[in-house]
Trainee: 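Would you mind keeping the following structure in view while I ask a few things?
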Amino acid sequence: MGKSVNPDLAKARSQATFDPANLTNYLYGGPEKLRRKRYLPAFVFKELCTEMSLTDLCLIFLGLLTHVSDYLGLTLSIENMAAKEYKEEGFKSTDDMSREEAYEESMRRAVYTNKRVLQLNLQDQEEQYYFREIFVPGANPFALHYVMFKDAINTQGTEDQIQKWLPLAETYAVTGTYAQTELGHGTFLRGLETTAEYDVQREEFILNTPTITSSKFWPGALGKTANVAILNAKLITKGRNCGMQSFWVPLRHLETHQPLPGITVGDIGPKFGYHTSDNGFLQLNRVRIPRENMLMRYSKVLQDGTFVPPENDRLVYVPMTQFRFVVIGRSGWTLAKAVTVATRYSAVRRQSEITPGGGEVQILDFQTQQHKLFTQIASAYAMIIAAKAAKDLYDSAFSKMEKGNLEDLPMLHALTSSMKAFNTWEMATGVEQCRMACGGHGYLLASGIPQMYTDMVSACTYEGENTVMCLQAARFLNKCQEAANKGERLPQLTRFLQTSRLNISSSLDQDVDLNDIIAAYEFRAATVISEANARLNAGLAMGKSQSEAWNYASQLLVKAALAFSHWFTVRALIENMRGAGFDNSTETLLLQLAKLYALDGMLRYSGDFRKVG
Ligand SMILES: CC/C=C\C/C=C\C/C=C\C/C=C/C(=O)SCCNC(=O)CCNC(=O)[C@H](O)C(C)(C)COP(=O)(O)OP(=O)(O)OC[C@H]1O[C@@H](n2cnc3c(N)ncnc32)[C@H](O)[C@@H]1OP(=O)(O)O
Ligand SMILES: Cc1cc2nc3c(=O)[nH]c(=O)nc-3n(C[C@H](O)[C@H](O)[C@H](O)COP(=O)(O)OP(=O)(O)OC[C@H]3O[C@@H](n4cnc5c(N)ncnc54)[C@H](O)[C@@H]3O)c2cc1C
């Protein structure tokens with residue numbers, strides 16, 4: 001029996017001027033991917049939530065075979081076992097639980113999904129993510145394992161190390177974390193104090209956190225879950241500091257899960273959000289690991305202690321760059337979830353009258369409510385689509401890097417840094433706007449929005465604090481501006497610094513031309529970047545050192561990075577909406593949404609746009 005839908009919601013949906021399926025297919029990468037995304041949780045929920053005879057299971061299994069047989073290697077006996085095991089315990093909301101209970105419940109669900117992903121032989125990363133998200137909606141205790149731990153092995157390990165360690169991670173023979181941040185340092189990596197001193201006699205590294213501030217602090221899963229870390233430490237060999245390197249460090253006994261000798265590890269305590277992630281601390285008291293435990297894809301330590309440096313010492317940062325891309329995309333989807341909740345609520349919530357005596361209206365009828373929500377719908381689309389555009393750039397650059405061509409690394413770092421800051425800040429303000437648009441009920445945990453905020457707003461801090469990331473991007477943009485000042489050739493992504501002109505044909509009383517919108521954002525970015533460069537040079541002209549002048553110009557440099565990201569987002573949104581092959585009614589609507597996003601941005605940053613005319 002179909003669920004009964006609220007009549008106001010049904011009416012609102014019936015007024016759509018486009019077919020939602022067109023958009024859903026576009027957002028999820030096509031009908032087949034969408035079908036898989038929907039089929040998996042539905043299948044598992046059906047298996048879990050109803051008493052099923054073996055006949056039922058066979059019918060479903062056969063049903064699956066016609067749809068998704070290309071990847072489901074189901075074996076009914078295992079399915080039955082998983083179903084029974086989980087059904088008896090069932091789902092419990094963590095909202096009313098203590099942190100300990102919530103962690104245990106999330107761990108129970110995560111272990112269940114890990115098992116199911118293996119049983120279903122789900123290879124596709126996206127499908128794994130969709131599947132997990134259904135069962136572990138909050139912070140997943142294995143999050144670091146799924147993302148940074150495995151990415152670090154894949155990108156920093158030699159082929160032999162990947163062969164040896166990745167299967168352990170894929171089968172959960174080990175559970176990992178990525179331990180870099182220390183109590184005293186998160187941003188300034190050159191300030192990390194943990195040491196890895198090479199003992200040439202025994203061909204081992206001696207790992208040590210010599211001070212309280214060198215304690216690893218914050219890594220997810222360190223508190224309870226992980227038994228191995230990819231740990232970043234200052235390599236010292238032959239008496240020389242060779243900078244930050246990555247090491248495979250066993251933390252806990254694989255059977256007893258007790259900390260190994262020399263290891264002090266635990267949970268850092270309650271946080272603003274992310275309650276079911278056990279972020280932890282770690283102290284190492286001269287812990288020995290074999291030389292082979294240093295991840296040696298790019299840099300090496302030979303048996304005699306000789307350090308072989310990497311071709312580029314920034315390659316050790318690749319796992320962070322990779323994860324910033326994950327954050328860029330997830331920010332858009334988080335806002336999409338929050339604005340979906342708020343918009344549906346606004347269709348069914350009747351409050352106050354527009355016409356006295358006319359009866360209470362759906363709050364979606366208030367123009368102020370539409371402004372709150374439609375701008376966030378547009379922002380969610382913009383962020384999701386810009387993340388796809390950035391990922392395309394990343395994939396092409398990364399494939400070059402894998403062949404040893406590192407020319408795009410600076411552009412990639414700048415793009416991921418600025419877009420991670422832009423998207424997470426936009427997501428944070430957008431989710432909060434959605435919560436407030438739901439009045440008191442938005443403040444209930446049951447609305448789902450508070451946890452979306454408290455969990456995801458940490459993305460403004462982790463993986464590179466946003467201001468710092470903007471300044472990183474500004475290094476690249478400023479270099480490009482200096483090159484533009486000298487008439488030199490620029491990277492493709494920043495050639496607009498030399499070509500952007502303000503020749504807007506639209507006038508305010510006509511429907512604005514989309515090309516004019518892109519040109520306006522491009523010109524605004526070029527102007528702000530040029531202004532930041534001018535302020536930096538003014539600082540130098542005042543006799544300041546390069547670093548003092550950089551600090552003197554840093555507020556404008558942050559603005560330059562954000563203006564660059566805003567331009568990249570508007571351009572990606574408009575170009576992808578025009579080129580996506582939608583039917584006329586859908587394309588018309590999406591271009592209207594793109595205009596709303598761009599014009600709202602001009603209003604919010606009207607100072608910049610007025611200043612550049
Ligand atoms: C959405 C979430 C989904 C699921 C949840 C999943 C997981 C759970 C949640 C959280 C996990 C969080 C994990 C973490 O937070 S891991 C730790 C992250 N830490 C950081 O990001 C540290 C940030 N700091 C830095 O990256 C560096 O210290 C910084 C870049 C700020 C400074 O570097 P440095 O000290 O070397 O000085 P600079 O002179 O500024 O840079 C030198 C040079 O190197 C270039 N550079 C720097 N970084 C990179 C990079 N990543 N890639 C490429 N190039 C890089 C930089 O541009 C300079 O070059 P140049 O300008 O040519 O001189
Ligand atoms: C939920 C969560 C999960 C995390 N998970 C992990 C993990 O799994 N593994 C891991 O290794 N780490 C993890 N971290 C740590 C995270 O990476 C750091 O918190 C982050 O890198 C910021 O560093 P910090 O905390 O030292 O902040 P700081 O750098 O001390 O920032 C404080 C202020 O100083 C300013 N500042 C710092 N440097 C500069 C500069 N050069 N110019 C201008 N302003 C500056 C910043 O803008 C900010 O306003 C996590 C953090 C959180 C919150």
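Both ligands and their constituent atoms are indexed starting at 1 by order of listing. Numbers here simply count residues along the sequence, with the first being 1. Computed over heavy atoms, backbone and side chain alike; hydrogens, waters and symmetry mates excluded.
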Trainee: Heavy-atom contacts under 4.0 Å between L471 and ligand 2: side chain, backbone, both, or neither?
Mentor: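 Within the 4.0 Å criterion, L471 contacts ligand 2 through side-chain atoms alone.
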Trainee: For ligand 1, is any non-hydrogen atom under 4.0 Å from Q180's backbone (N, CA, C, O), its side chain (CB onward), both, or neither?
Mentor: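 Looking at Q180 and ligand 1, just side chain atoms fall under 4.0 Å.
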Trainee: May I ask you to check if ligand 1 and R330 share an N or O to N or O distance below 3.5 Å?
Mentor: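 No, since none of the N or O atoms of R330 sits under 3.5 Å from an N or O of ligand 1.
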Trainee: Please check whether Y274 reaches ligand 2 - meaning an N/O of the residue sits under 3.5 Å from an N/O of the ligand, judged on distance alone.
Mentor: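 No; the residue has no nitrogen or oxygen that sits under 3.5 Å from a nitrogen or oxygen of the ligand.
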Trainee: Purely on distance, is any nitrogen or oxygen of G464 under 3.5 Å from one on ligand 1?
Mentor: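 By distance alone, the answer is yes.
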Trainee: N/O of M456 under 3.5 Å from N/O of ligand 1, yes or no?
Mentor: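 It does not: no N or O of M456 is found under 3.5 Å from an N or O of ligand 1.
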Trainee: So, regarding Y274 and ligand 1 (criterion: nitrogen or oxygen to nitrogen or oxygen, under 3.5 Å), is there a contact or not?
Mentor: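 Between Y274 and ligand 1, no N or O pair is found under 3.5 Å apart.
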Trainee: Backbone, side chain, both or neither: what part of V147 comes under 4.0 angstrom of ligand 1, heavy atoms only?
Mentor: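 Neither part.
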Trainee: With heavy atoms only and a cut-off of under 4.0 Å, state how R324 meets ligand 1: side chain, backbone, both or neither.
Mentor: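 Under 4.0 Å from ligand 1, R324 contributes side-chain atoms alone.
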Trainee: Could you find the nearest protein heavy atom to atom 60 (P) of ligand 1 and give me its residue, atom name and distance?
Mentor: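 Minimum-distance protein heavy atom for atom 60 (P) of ligand 1 reads K479 NZ, 3.1 Å.
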Trainee: For ligand 1, is any non-hydrogen atom under 4.0 Å from F323's backbone (N, CA, C, O), its side chain (CB onward), both, or neither?
Mentor: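 The part of F323 near ligand 1 is the side chain, not the backbone.
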Trainee: Strictly less than 4.0 Å: does any protein heavy-atom distance to atom 3 (C) of ligand 2 fall in that range?
Mentor: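 Protein heavy atom within 4.0 Å of atom 3 (C) of ligand 2: present.
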Trainee: Which atoms from ligand 1 have a heavy atom of A143 less than 4.0 Å away?
Mentor: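 Atoms satisfying the 4.0 Å criterion: 6 (C), 7 (C).
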Trainee: Can you find a pair of side-chain heavy atoms, one from V174 and one from W165, that are under 4.5 Å apart?
Mentor: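 Side chain of V174 against side chain of W165, heavy atoms only: no contact under 4.5 Å found.
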Trainee: Has ligand 1 got any nitrogen or oxygen that is less than 3.5 angstrom from a nitrogen or oxygen of R190?
Mentor: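 Indeed, backbone or side chain, R190 has an N or O that close.
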Trainee: Tell me the protein heavy atom at minimum distance from atom 53 (C) of ligand 1, and give that distance in Å.
Mentor: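 Here the nearest protein heavy atom works out to H413 CB, 3.5 Å.
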Trainee: I'd like to check whether Y178 has a polar contact with ligand 1, where a contact means an N/O of the residue lying under 3.5 Å from an N/O of the ligand.
Mentor: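 Not met; the criterion fails.
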Trainee: Salt bridge (Lys or Arg N to Asp or Glu O under 4.0 Å) between E105 and R109: does it pass, once the steps are laid out?
Mentor: CA-CA 6 Å; E105 170 61 15; R109 294 183 190 189; 2.7 Å; yes
Trainee: Applying ring pair (Phe, Tyr, Trp, His ring centres under 6.0 Å) between W333 and each of Y130, Y28, Y129, report the one that passes.
Mentor: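 Checked Y130, Y28, Y129 against W333; only one passes ring pair (Phe, Tyr, Trp, His ring centres under 6.0 Å): Y28.
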Trainee: Heavy atom under 4.0 Å from ligand 1: found in T321's side chain, backbone, both, or neither?
Mentor: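 For T321, only side-chain atoms sit under 4.0 Å from ligand 1.
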